[in-house]
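Scroll down for the structure; my scribbles are underneath it.
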Amino acid sequence: MQNKGKYYITTAIAYTSGKPHIGNNYEIVLADSIARYKRKDGYNVFFQTGTDEHGQKIELKAAEAGVTPKEFVDNVAKIIKGLCDLLNISYDKFIRTTDKEHEKQVQKIFKRLYDQGDIYKSDYQGLYCTPCESFWTESQLKDGKCPDCGREVKPAKEEAYFFKMSKYANRLIDHINKHPEFIQPVSRKNEMMNNFLIPGLQDLCVSRTSFQWGIPVDFDNRHVVYVWLDALTNYITGIGYDADGNSTDQYKALWPADLHLIGKDIIRFHTIYWPIFLMALGEELPHQIFGHPWLLQNNDKMSKSKGNIMYADDLVTVFGVDAVRYFVLHEMPFENDGSITWDLMVERLNSDLANTLGNLVNRTLSMSNKYFGGIVENRGKVEAVDEELKAIAIGTYDRVEMKMQDLRVADALTEIFNLFKRCNKYIDETEPWILAKDEAKKDRLATVLYNLAESIMIGASVLEPFMPETAAKIAAQFNTTLRDFEATKVFGGYVSGTKVTDTPEILFARLDPKEVDSKVVELVQKQKDQETTDASTDQTAENNPQTEEINIEPKEEITYEEFAKMQFQVGEILSCEAVPKSKKLLCSQVKIGSQVKQIVSGIKAFYTPEEMVGKKVMVLVNLKPAKLAGVLSEGMLLCAEDADGKLALVTPEKPMPAGAEIC
RNA sequence: GGCGAAGUAGCUCAGUUGGCUAGAGCAUACGGUUCAUACCCGUAGUGUCGAGGGUUCAAAUCCCCCCUUCGCUACCA
């Protein structure tokens with residue numbers, strides 16, 4: 001086989017805060033299919049995946065579980081690796097960010113970037129989301145909560161190191177413009193350019209002092225390296241990068257990566273920060289970053305709180321590994337999110353795997369056994385009808401290759417199944433059971449069955465990267481081996497006279513949706529049981545707001561004069577309506593003494609305009625008017641905010657007239 | 001609010017530079033067949049191609065405006 005050169009492919013590394021669900025595992029199945037495909041296509045493939053194991057969230061989870069962070073991540077990493085193996089993932093390297101070599105290199109990289117002036121020390125102020133390890137500005141919050149995970153944020157300020165992003169921005173813009181294939185799909189490229197690069201990049205915070213579970217900055221021990229500089233660099237440290245210039249031969253051979261496969265949620269980090277880190281290190285940029293869509297359940301993101309999580313191991317238990325691989329690959333379009341439910345799986349598997357493929361293999365084998373004692377022989381009795389089948393068979397690889405060049409894996413699978421469908425049609429056209437009744441047509445019958453066996457083996461050989469186990473099973477039943485891609489472009493590779501198995505195995509049994517449903521009920525129950533045991537340690541703070549205290553960051557002390565500048569009065573809401581074209585704003589007419597002020601507030605999520613009317617509320621009256629969403633606001637309604645970002649208006653404890661001063 | 005994408009058969013979507021009766025898969029109905037996992041093959045559909053204008057001999061396809069949904073982003077006193 002011709003060697004087409006190296007191909008270095010990576011997935012994002014999985015965060016070890018808990019067991020990943022099928023939506024997370026999707027990516028690695030996709031990557032595995034591409035890796036296996038390229039390998040089979042003659043590339044020298046290196047496929048790296050792994051786990052991202054640092055951060056405050058893990059530190060907290062470990063503390064809750066009463067174990068050390070290392071013990072905690074060891075456990076989760078083992079689960080994740082186990083799922084990879086279960087899904088038949090052919091990774092060449094499974095990197096962990098707690099690997100000594102990785103940690104050492106991250107420290108060196110940090111030091112080097114600091115020494116060359118790309119990293120500098122400053123202060124970080126903002127609202128911090130612990131689980132996401134992200135600072136947010138007030139304006140980035142959604143309903144007062146973390147825009148990523150929807151959980152509470154806390155004010156925080158810390159000394160931190162920053163990376164000078166702006167220094168490299170123009171080079172990156174230039175690179176992106178010159179390499180249209182760099183960010184895929186292209187719609188993502190526009191988002192990055194329009195929202196970040198063109199308006200101007202902000203410097204990125206690259207260290208933390210608020211927790212210890214991270215790689216220490218070796219020249220400033222209070223700091224640990226923040227997630228992105230730690231996690232992203234796995235792509236180079238995993239193959240032997242050395243910041244002092246002593247990188248391994250493997251690194252020199254593999255870098256730059258050919259494909260970083262990631263979820264669409266982390267495109268920004270991979271297409272902006274990561275390339276800039278690499279520029280700063282003087283390394284080449286990866287060829288391509290593909291931000292794949294998500295696999296959703298009923299168009300809903302999977303999450304524990306929604307109770308709709310589907311785990312890969314449960315799916316494999318019910319359907320088998322290749323069925324799961326087939327489903328996630330097939331159901332995931334290129335650009336839009338895919339959808340998975342138990343019912344959809346049953347439908348897809350019955351139709352494509354059991355009916356089209358499994359049944360095809362089964363009927364072909366059983367006819368060979370019935371009519372020729374299992375011997376498949378090409379007796380050369382060709383008819384015109386054979387030509388179309390042959391043309392489709394030997395053209396399958398080329399069509400698949402065209403799709404794979406654009407990473408359209410779902411479409412590639414469809415091409416392969418078109419061949420299997422054509423085989424079924426061919427059986428109908430040639431009617432072997434009728435040929436069998438006429439002794440004079442035995443040679444034709446043998447040829448028909450040979451053509452089928454050959455076409456199936458071509459299909460199975462192209463299918464191998466996507467469904468390795470199934471392809472191998474088919475080959476075994478036809479008593480042959482899978483062939484390389486080049487050999488699928490010629491019709492006739494199957495050795496004439498081969499004896500196929502006389503005990504055909506059902507490749508995919510048809511599934512009864514009802515039986516699957518009852519299995520699912522069992523699995524969900526098991527999940528729930530597990531969660532209740534987890535929950536005893538896990539959910540103390542989040543679920544008991546009434547007993548919770550809230551501490552906010554103390555503000556600077558002010559003088560009485562400063563306080564006295566603020567004018568608070570009781571206001572009565574005369575009328576209230578939603579601000580058109582805004583998601584969160586209500587516009588109220590507020591009576592304060594004899595005047596009426598218009599005040600806009602971000603409380604639509606908690607109050608309807610109707611229930612606002614008539615309320616007596618606390619108003620900051622002398623705030624400089626401002627326009628919100630194009631509507632003038634002449635003050636501020638005061639609210640209390642709980643840890644979840646829920647708001648409650650502050651009202652006088654006894655009846656008070658509109659305009660009464662609050663002092 | 002800014003930028004972008006999308007609204008086509010019950011569902012998921014194709015429809016290249018405007019051109020013949022608008023397509024595929026799944027689901028549905030009917031017919032055929034029996035080698036096979038009640039499977040496979042064939043046939044049939046239904047669609048004001050989001051609404052309304054315009055350009056053209058001709059528009060799902062180009063232009064204008066509007067509505068809806070989604071993504072990123074900003075604002076949310």
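These numbers were taken from a predicted model, which means no experiment stands behind them. Letters A, B, ... mirror the listed sequences (proteins, then strands); counts begin at 1.
- Residues satisfying the ring-ring contact (aromatic ring centres under 6.0 Å, His included) test with A/Tyr426, not counting sequence neighbours, are none.
- Looking at which nucleotide of RNA chain B each of A/Ile427 and A/Phe420 is closest to, the 5′-most match is held by A/Ile427.
- The side chain of A/Asn194 lies closest to B/C3, out of B/U37, B/A36, B/C3.
- Here A/Glu454 pairs with A/Arg483 under the salt bridge (charged side-chain N to carboxylate O under 4.0 Å, His left out) rule; sequence neighbours left out.
- Going from the C1' atom of B/C63 to that of B/U56 covers 12 Å, rounded to whole Å.
- When each of A/Asn451, A/Thr364, A/Leu452, A/Val500 is paired with A/Val376, the side chain to side chain contact (heavy atoms under 4.5 Å, CB included) condition holds for A/Val500 and for no other.
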Expected list for residues 350-357 of chain A: side-chain donor-acceptor pairs under 3.5 angstrom, two or more places apart:
{"from": "A/Asn350", "atom 1": "OD1", "to": "A/Leu511", "atom 2": "N", "distance (Å)": "2.7"}
{"from": "A/Asn350", "atom 1": "ND2", "to": "A/Leu511", "atom 2": "O", "distance (Å)": "2.9"}
{"from": "A/Asp352", "atom 1": "OD2", "to": "A/Tyr326", "atom 2": "OH", "distance (Å)": "2.5"}
{"from": "A/Asp352", "atom 1": "OD2", "to": "A/Arg348", "atom 2": "NE", "distance (Å)": "2.9"}
{"from": "A/Asp352", "atom 1": "OD2", "to": "A/Arg348", "atom 2": "NH2", "distance (Å)": "3.3"}
{"from": "A/Asn355", "atom 1": "OD1", "to": "A/Arg510", "atom 2": "NH1", "distance (Å)": "2.7"}
{"from": "A/Asn355", "atom 1": "ND2", "to": "A/Asn350", "atom 2": "O", "distance (Å)": "3.3"}
{"from": "A/Thr356", "atom 1": "OG1", "to": "A/Ser351", "atom 2": "O", "distance (Å)": "3.1"}

Tabulate atom names and distances for all N/O pairs under 3.5 angstrom spanning the protein and nucleotides 31-34 of chain B.
none

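- A/Gln288 and A/His260 form no side-chain donor-acceptor contact under 3.5 Å, judged by distance and modelled atom types alone.
- Counting heavy atoms from C-beta outward, A/Tyr371 and A/Leu435 have side chains that stay 4.5 Å or more apart.
- Residues A/Lys499 and A/Asp502 are in side-chain contact: their nearest non-hydrogen atoms beyond the backbone lie under 4.5 Å apart.
- Residues that satisfy the salt bridge (charged side-chain N to carboxylate O under 4.0 Å, His left out) test with A/Asp517, not counting sequence neighbours, are absent from this structure.
- In summary, the side chains of A/Arg363 and A/Asn424 do present a donor paired with an acceptor at a separation below 3.5 Å, with no hydrogens or angles considered.
- Between B/A44 and B/C67, the distance separating the two P atoms is 42 Å to the nearest Å.
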Protein N or O to nucleotides 26-29 of chain B N or O, pairs below 3.5 Å:
{"from": "B/C26", "atom 1": "O2'", "to": "A/Glu347", "atom 2": "OE2", "distance (Å)": "3.3"}

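- Pairing each heavy atom of A/Pro275 with each of A/Phe182, the nearest pair is CG-CZ, 3.8 Å.
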Report, one pair per line, the protein and nucleotides 68-71 of chain B atoms (nitrogen or oxygen only) whose separation is under 3.5 Å.
{"from": "B/G71", "atom 1": "O2'", "to": "A/Arg188", "atom 2": "NH1", "distance (Å)": "3.0"}
{"from": "B/G71", "atom 1": "O2'", "to": "A/Glu191", "atom 2": "OE2", "distance (Å)": "3.4"}

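- Separating the CZ atom of A/Arg422 from the C1' atom of B/C40 is a distance of 13 Å, rounded to the nearest angstrom.
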Completion exercise
Secondary structure of RNA chain B per the Watson-Crick/G-U criterion (both distances under 3.5 Å; [ ] crossing, | other strand, . unpaired) is (((((((..((((.....[...)))).(((((.......))))).....(.(((..]....))).))))))))....
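- One can place CG of A/Asn190 at 18 Å from P of B/G2, the figure rounded to the nearest angstrom.
- Shown here are the salt bridge (charged side-chain N to carboxylate O under 4.0 Å, His left out) partners of A/Asp203, two or more places apart in sequence or in another chain: there are none.
- Protein atom CG of A/Leu201 is 14 Å distant from nucleotide atom C1' of B/U73, rounded to whole Å.
- Using atom P as the reference point in both B/C62 and B/C26, the two lie 30 Å apart (nearest Å).
- Nucleotides B/A24 and B/A9 are separated by 11 Å at their C1' atoms, to the nearest Å.
- Within 4.0 Å of A/Leu637, counting heavy atoms only, lie sugar-phosphate atoms of the nucleic acid but no base atom.
- The nearest whole Å value for the distance from the CZ atom in A/Phe327 to the C1' atom in B/G25 is 14 Å.
- Across the protein-nucleic acid pair, A/Leu365 atom CG and B/U37 atom P stand 11 Å apart, rounded to whole Å.
- Distance from the side chain of A/Lys425 is smallest to B/C41 among B/A77, B/U37, B/C41.
- For A/Glu469, the salt bridge (charged side-chain N to carboxylate O under 4.0 Å, His left out) criterion is met by no residue, not counting sequence neighbours.
- Among residue pairs with one or both ends in residues 382-391 of chain A, those qualifying as salt bridge (Lys or Arg N to Asp or Glu O under 4.0 Å) are A/Glu383-A/Arg444, A/Asp386-A/Arg444, A/Glu388-A/Arg422; sequence neighbours excluded.
- Comparing B/U46 with B/A22, their P atoms are spaced 10 Å from each other, to the whole Å.
- A distance of about 14 Å separates the C1' atoms of B/G7 and B/U12, rounded to the whole Å.
- Spacing between B/G53 and B/A59 at atom P, rounded to whole Å, works out to 14 Å.
- For the pair A/Lys442 and A/Phe372, the cation-pi test (distance below 6.0 Å, angle within 45°) is passed.
- You'll find that the side chain of A/Asn424 is closest to B/C41, out of B/C41, B/C35, B/U37.
- What separates CZ of A/Arg363 from C1' of B/U37 is a distance of 11 Å, to the nearest Å.
- Within 4.0 Å (heavy atoms only), A/Phe508 reaches at least one base atom of the nucleic acid.
- Side-chain atoms of A/Asn479 and A/Thr498 include no donor-acceptor pair closer than 3.5 Å.
- In this entry the distance linking CG of A/Leu344 with P of B/G25 reads 19 Å, nearest Å.
- Straight-line distance between the C1' atoms of B/U28 and B/G10: roughly 9 Å, to the nearest whole Å.
- With rounding to whole Å, A/Gln569 atom CD is found 21 Å from B/A77 atom P.
- Partners of A/Gln569 under the side-chain hydrogen bond (donor to acceptor under 3.5 Å, both in side chains) rule, at least two apart in sequence or in another chain, are A/Gln567.
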